[in-house]
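As structure tokens, the structure follows; a few thoughts come after it.
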Amino acid sequence: GMTVTALAVFFATAVFSAAFAAGQEAPPAAKPEVPVFKPGQVFKDCPECPELVVVPPGLYIMGLNATSKRSKPAHRVNIRKPFAIGRFEVKFSEWQACVDDGGCLAEPDDHRWGREGRPVINVTYFDAKRYLEWISKKTGKRYRLPSEAEWEYADRGGTTTLWWWGNKVGKNDANCKDCKSKWSDGGTLPHGSAPVGSFAANPFGIHDTAGNVFEWVEDCWNKSHKNAPKNGAARTEGNCRYRVLRGGSFYYYSKVAKSFYRAKNPPNVKSYWLGFRVLRELD
């Protein structure tokens, strides 16, 4: 005889077939769940993709506490939509996935610090854009460089201090020349990049926004924030022979890692103190 389970399946099938025969439509297929992203949520779009963290929308004062003209005037920016940003700077291993897949051509030098866990360095602005094009195609999601305004918002993590952790450089909060870490001048390790995530995350859950390596952002260089957009968009006008860099690096003193600090670089120039971080749109 039939087992109870087999019997149940048989009856269910018979009922379904009868309903189908009677001209009723088969039950609709379940719709795929659309993920609802929550602030602080960490996710990846593929095994070799960078880890992302969800940043909430909000208002902030860009250029707050700035002393030099280039980082003034302080102005209000309204980030209306949540976005996801690299929890860490893009790593050598993530870059290599792009090279292996034929998406990236540059095979950047690691300056003999090793590649394990370290941010990719020696990549130009155009190299970074190629990577973003590749990962967008691969995942079907919109990856890009953050705008300078989005970057500073993410870096501050809702704080209003000189660095996201406070108004004093302190000890072991970041990797810079005078940040008093084992990678700093006078530290126990060679002065260079640190593996990503070697320091605490900021209040948004993002690591290494201050120090480690400078990061490319989308914007063309402008001498100040005069006439800057209020909605967090990148500035595509200005001197586009230079692109904006943010975040300071191991090579420089902590003053260039302050939340408001801006620097510039020709987009086709690479350096061992310069990398990037991805932004992934959520809609």
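The residues of the chain are indexed from 1 along the displayed sequence. Every heavy atom of this structure was used, including side-chain atoms; hydrogens, water molecules and symmetry mates were not.
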>> Determine whether Y153 and V77 satisfy the following criterion, side chain to side chain contact (heavy atoms under 4.5 Å, CB included), listing intermediate values before the conclusion.
In response: CA-CA 9 Å; Y153 175 69; V77 173; over 6 Å; no
>> For Y143 and R280: C-alpha separation, side-chain torsions, deciding distance, then whether side-chain hydrogen bond (donor to acceptor under 3.5 Å, both in side chains) applies.
In response: CA-CA 4 Å; Y143 279 80; R280 197 276 225 182; 4.6 Å; no
> Do F204 and W164 pass the side chain to side chain contact (heavy atoms under 4.5 Å, CB included) test, and can you show the C-alpha distance, the side-chain angles, and the key distance before you say yes or no?
Replying inline: CA-CA 10 Å; F204 281 167; W164 66 259; over 6 Å; no
> How far apart are the C-alpha atoms of F199 and C179, what are their side-chain angles, what is the distance that settles it, and do they pass the side chain to side chain contact (heavy atoms under 4.5 Å, CB included) test?
Replying inline: CA-CA 11 Å; F199 302 91; C179 284; over 6 Å; no
>> Assess the residue pair E148 and R246 against the criterion (salt bridge (Lys or Arg N to Asp or Glu O under 4.0 Å)); give the C-alpha distance rounded to whole Å, side-chain angles, the decisive distance to 0.1 Å, and a yes or no.
In response: CA-CA 8 Å; E148 186 181 7; R246 298 296 306 240; 2.7 Å; yes
> Is there a side chain to side chain contact (heavy atoms under 4.5 Å, CB included) between K264 and R243 once you walk through the steps?
Replying inline: CA-CA 5 Å; K264 67 181 191 292; R243 296 283 167 167; over 6 Å; no
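Residues Q96 and S93 have side chains that never bring a donor and an acceptor to within less than 3.5 angstrom of each other. There is no side-chain donor-acceptor pair under 3.5 Å between N172 and S181. In this structure, a donor-acceptor pair under 3.5 Å is absent between the side chains of E94 and Y131. For the residue pair N175 / N212, a side-chain donor-acceptor distance below 3.5 Å is found, with atom types taken as modelled. The closest side-chain donor-acceptor pair between T209 and D155 falls under 3.5 angstrom. Defined by atom type and a distance below 3.5 Å, a donor-acceptor pair is missing between the side-chain atoms of W163 and D173.
F214 has its ring centre no less than 6.0 Å from the ring centre of Y251.
Atom OG1 of T159 is separated from atom CG of N202 by 7.5 Å, given to the nearest 0.5 angstrom. Atom OG of residue S259 and atom CG of residue N65 lie 8.0 Å apart, to the nearest 0.5 angstrom. With values rounded to the nearest 0.5 angstrom, E150 atom CD is found 9.0 Å from Y60 atom OH. Considering NZ of K258 and CG of L64, their distance stands at 12.5 Å, rounded to 0.5 Å. One finds the NZ atom of K91 at 7.0 Å from the CD atom of E51 (value rounded to the nearest 0.5 Å). Distance check: Y261 OH to S68 OG gives 7.0 Å after rounding to the nearest 0.5 Å.
Residues N239 and N222 are not in side-chain contact: their nearest non-hydrogen atoms beyond the backbone lie 4.5 Å or more apart. Contact annotation: the side chain of I121 approaches that of W113 to within less than 4.5 Å [non-hydrogen atoms, C-beta and beyond]. In this structure, the side chains of R118 and S193 come closer than 4.5 Å at one or more pairs of heavy atoms. Looking at Y253 and V169, their side chains never come closer than 4.5 Å, going by heavy atoms from C-beta outward. Considering only heavy atoms from C-beta on, K81 stays 4.5 Å or farther from P57 through its side chain. Between E218 and V244 the shortest side-chain heavy-atom distance does not fall below 4.5 Å. Looking at heavy atoms from C-beta onward, W95 lies out of side-chain contact with P119 at the 4.5 angstrom threshold.
Taking each heavy atom of R112 and D110 in turn, the nearest pair found is N-OD1, 2.8 Å. Across every non-hydrogen atom of A149 and G232, the tightest pair is CB-CA, 3.7 Å. Closest approach of R115 to F92, counting heavy atoms only: NH1-CD2, 3.2 Å. Residues W151 and P146 approach most closely at CD1-CG, 4.0 Å, considering heavy atoms. In this structure, I135 and C49 approach most closely via the heavy-atom pair CD1-SG, 3.8 Å. S147 approaches A233 most closely through the heavy-atom pair CB-C, 3.9 Å.
Checking each of R76, R156, K230, H75 against M62 for a side-chain contact (heavy atoms from CB on, under 4.5 Å) leaves exactly one that passes, namely H75. Tested against Y125, the residues N268, L145, N265 include a single side-chain contact (heavy atoms from CB on, under 4.5 Å) partner, L145.
Cluster annotation: V256 and Y272 are assigned to the same hydrophobic cluster (Ile/Leu/Val/Met/Phe/Trp/Tyr, side-chain heavy-atom contacts under 4.5 Å, transitive). Note on F276: it does not cluster hydrophobically with L279, by side-chain heavy-atom contacts below 4.5 Å among ILVMFWY residues. Linking ILVMFWY residues whenever their side-chain heavy atoms come closer than 4.5 Å, directly or via other members, places V123 and W134 in the same cluster. V213 and I206 fall into different hydrophobic clusters, defined by Ile, Leu, Val, Met, Phe, Trp and Tyr side-chain heavy atoms under 4.5 Å apart, directly or through other members. Linking Ile, Leu, Val, Met, Phe, Trp and Tyr residues whenever their side-chain heavy atoms come within less than 4.5 Å leaves V217 and L245 in two separate clusters.
With hydrogens and angles ignored, the 3.5 Å screen pairs a side-chain donor or acceptor of N122 with a backbone N or O of D109. Put simply, the side chain of K44 gets close to the backbone of P47: a donor and an acceptor are under 3.5 Å apart. In terms of modelled atom types and a separation under 3.5 Å, the side chain of S184 and the main chain of G187 share no donor-acceptor contact. A distance-only check finds no donor-acceptor pair linking the side chain of S71 to the backbone of G63 [under 3.5 Å]. At distances below 3.5 Å, at least one donor-acceptor pair connects side-chain atoms of R277 with backbone N or O atoms of D208. S136 contributes a side-chain N or O that, together with a main-chain N or O of L132, makes up a donor-acceptor pair within less than 3.5 Å.
Ion pairing between D45 and K138 fails under the 4.0 Å rule for side-chain N and carboxylate O. A salt bridge links E281 with R144: at least one charged nitrogen is closer than 4.0 Å to a carboxylate oxygen.
Both tests hold for R262 against W221: distance to the six-membered ring centre under 6.0 Å, angle to the ring axis within 45°. Geometric assessment of K177 against the ring of F250 yields a negative cation-pi assignment under the 6.0 Å and 45° thresholds.
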